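Presented below is the structure to which this report refers.
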Amino acid sequence: MTAETQLPQATGSCCSPSGSCHDGADSGDAAGAVTTVYQVSGMTCGHCEGAISEEISSIEGVTSVKAVASTGQVTVVSHAPLAEDAVRAAVDEAGYELVGRA
């Protein structure tokens, strides 16, 4: 039973002890991790959050995406800074509008 309890942490599960949906890269502990917060208009629900997260996650180098419909903010963790054009294209593909960095 102990192995089951430790397995999610060892594999970088989205169910981290802090309750976040990523492996802690946003805390700055990962070498070279870059966290950027974007403002997106048009999100109203969990489906919106999922659509945006899925599209941005497909950008090379992205390790974590957390979209929050209530604030319109999308937090992206990546190995290196992302080209804003790539993020804009992903948000457009999901059907929303990238306002800019928050």
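Because the structure is a prediction, the values reported are computed rather than measured.
Evaluation of the salt bridge (charged side-chain N to carboxylate O under 4.0 Å, His left out) test over residues 69-89, restricted to residues two or more places apart or in two chains, returns Glu84-Arg88.
Between the side chain of Thr63 and the backbone N or O of Val77, at least one donor-acceptor pair lies under 3.5 Å.
The two atoms that bring Tyr96 and Ala51 nearest to each other are CE1-CB, 4.3 Å, heavy atoms only. Residues Cys48 and Gly42 approach most closely at SG-O, 4.3 Å, considering heavy atoms. Between Ala86 and Ile59 the shortest heavy-atom distance is O-CD1, 3.7 Å. The two residues Val62 and Ser57 make their nearest non-hydrogen contact at CG1-CA, 4.0 Å. What you find for Ala90 and Glu55 is that their closest heavy atoms are O-CB, 3.3 Å.
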Under the side chain to side chain contact (heavy atoms under 4.5 Å, CB included) criterion, do Gln39 and Gln73 qualify, and how do the steps go? CA-CA 5 Å; Gln39 192 68 39; Gln73 293 189 339; 3.3 Å; yes

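By the 4.5 Å heavy-atom criterion applied to side chains, Tyr38 and Leu82 are counted as neighbours. Two residues are said to be in side-chain contact when any heavy atoms from C-beta on lie closer than 4.5 Å; Leu98 and Val87 meet this criterion.
Rounding to the nearest 0.5 angstrom, the gap separating the CE atom in Met43 from the OG1 atom in Thr71 is 6.0 Å.
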